[in-house]
Amino acid sequence: QTVTYMVFGVHKKDLETLVKNDVSTQIDTSKQKIQDTGIDSADFQVTNASANGAQVVMDTQAVTGPDIDVGSIKKNARGKKAGQIKKDLNSNPDIKSVDVDLSPFWVSTVPKDTSKIKVVIAEPKTVSNSNDNGQ
């Protein structure tokens, strides 16, 4: 018995470009940026297939947020104490909260070498707009 399979594919980078182009028309790109395209958790449905191609619908949820410059944060945090960094960053209306972890415990200031500074920006929690009314 011989079984022939046919596979259609697309580069992940091409899908990300499609999502970025679409989302960029819906946000103010001077103040916001796309933090996650949602491609890794996208749902795909084949709506029409033939021997030469297929029509596929992709459903994804992109995450956008404020355009925060990580390089600038690192540069401004060099050599400062945790309290001063928190004060500086909390003055930004786009930042909800700041945690500064220094290690080992006896270190009291951030290193002056920016390559030793790690900035983690937490993604906002997504809110579903479901209208299932509990049914």
Side-chain angles (χ1 to χ4, degrees):
Q1 181 177 10
T2 302
V3 178
T4 303
Y5 292 98
M6 185 173 292
V7 177
F8 296 106
V10 64
H11 289 282
K12 182 178 179 180
K13 195 172 193 171
D14 293 337
L15 291 176
E16 287 176 345
T17 300
L18 286 171
V19 172
K20 286 178 181 179
N21 289 343
D22 184 52
V23 172
S24 293
T25 64
Q26 301 174 44
I27 64 172
D28 182 355
T29 55
S30 67
K31 296 178 183 177
Q32 291 181 304
K33 71 175 186 175
I34 300 168
Q35 294 177 337
D36 182 13
T37 59
I39 297 295
D40 292 333
S41 59
D43 291 324
F44 297 91
Q45 293 178 344
V46 178
T47 58
N48 188 7
S50 67
N52 298 325
Q55 183 175 358
V56 179
V57 173
M58 178 180 67
D59 184 24
T60 185
Q61 188 170 18
V63 177
T64 62
D67 190 6
I68 298 172
D69 184 2
V70 173
S72 177
I73 290 173
K74 287 182 176 186
K75 183 178 169 187
N76 292 334
R78 292 183 301 186
K80 291 184 179 178
K81 294 187 178 279
Q84 184 61 44
I85 295 169
K86 287 181 180 184
K87 182 180 174 186
D88 292 347
L89 292 174
N90 280 328
S91 66
N92 183 333
D94 292 328
I95 297 177
K96 284 189 171 186
S97 68
V98 178
D99 291 323
V100 179
D101 295 320
L102 300 173
S103 180
F105 70 89
W106 62 81
V107 174
S108 63
T109 60
V110 171
K112 292 185 180 183
D113 181 359
T114 58
S115 68
K116 295 181 179 181
I117 301 172
K118 181 180 177 184
V119 176
V120 178
I121 299 176
E123 291 183 5
K125 295 180 181 176
T126 57
V127 178
S128 176
N129 292 333
S130 176
N131 289 331
D132 63 2
N133 295 327
Q135 297 176 2

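Quick note: numbers below take in every heavy atom, side chains included, and nothing from hydrogens, waters or symmetry partners.
- A pairwise comparison of heavy atoms in A77 and V110 identifies O-CB, 3.4 Å as the closest pair.
- Every side-chain hydrogen bond (donor to acceptor under 3.5 Å, both in side chains) that D28 has, sequence neighbours left out, goes to S30.
- For the atom pair CD1 (I68) and CD1 (I95), the distance works out to 4.5 Å, reported to the nearest 0.5 Å.
- Distance check: T64 OG1 to K31 NZ gives 13.5 Å after rounding to the nearest 0.5 Å.
- With a 4.5 Å cut-off on side-chain heavy atoms, T37 and T60 do not count as touching.
- Evaluation of the salt bridge (charged side-chain N to carboxylate O under 4.0 Å, His left out) rule for D59 yields no partner, not counting sequence neighbours.
- V7 shares a hydrophobic cluster with no other residue; no ILVMFWY side chain has heavy atoms under 4.5 Å from its own.
- With sequence neighbours excluded, the residues that form a side-chain contact (heavy atoms from CB on, under 4.5 Å) with T29 are S24, I27.
- Here side chain to side chain donor-acceptor pair (under 3.5 Å) pairs that include residues 89-100, with residues two or more places apart or in two chains, number zero.
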Compile the donor-acceptor pairs under 3.5 Å between side chains in residues 111-119 and protein atoms, sequence neighbours left out, one pair per line.
| from | atom 1 | to | atom 2 | distance (Å) |
| --- | --- | --- | --- | --- |
| D113 | OD1 | S115 | N | 3.1 |
| D113 | OD1 | S115 | OG | 2.9 |
| D113 | OD2 | S115 | OG | 3.0 |

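- Residues V98 and V70 are members of one and the same hydrophobic cluster, defined by side-chain heavy-atom contacts under 4.5 angstrom among Ile, Leu, Val, Met, Phe, Trp and Tyr.
- Placement of V23 and I121 in two distinct hydrophobic clusters is found when ILVMFWY residues are connected by side-chain heavy-atom separations under 4.5 Å, directly or transitively.
- Applying the salt bridge (Lys or Arg N to Asp or Glu O under 4.0 Å) test to pairs two or more places apart or on separate chains, those with a residue in residues 66-90 are K80-D88.
- Following chains of ILVMFWY side-chain contacts shorter than 4.5 Å, one cannot reach M58 starting from V63, and the two form parts of different hydrophobic clusters.
- Taking Ile, Leu, Val, Met, Phe, Trp and Tyr as hydrophobic and joining them when side-chain heavy atoms fall under 4.5 Å apart, one finds Y5 in a cluster with V3.
- E16 is linked by a side-chain hydrogen bond (donor to acceptor under 3.5 Å, both in side chains) to nothing, counting only residues two or more places apart in sequence or in another chain.
- Every residue meeting the side-chain contact (heavy atoms from CB on, under 4.5 Å) condition with P104, not counting sequence neighbours, appears here in chain and number order: W106, V107.
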Can you list, pair by pair, the side-chain donor-acceptor contacts under 3.5 Å of residues 42-50, counting residues two or more places apart and other chains?
| from | atom 1 | to | atom 2 | distance (Å) |
| --- | --- | --- | --- | --- |
| T47 | OG1 | Q55 | O | 3.2 |
| S50 | OG | N52 | N | 3.4 |
| S50 | OG | G53 | N | 3.4 |
| S50 | OG | G53 | O | 3.3 |

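- Tracing side-chain contacts under 4.5 Å through hydrophobic residues (I, L, V, M, F, W, Y), one reaches V10 starting from V56; they form part of the same cluster.
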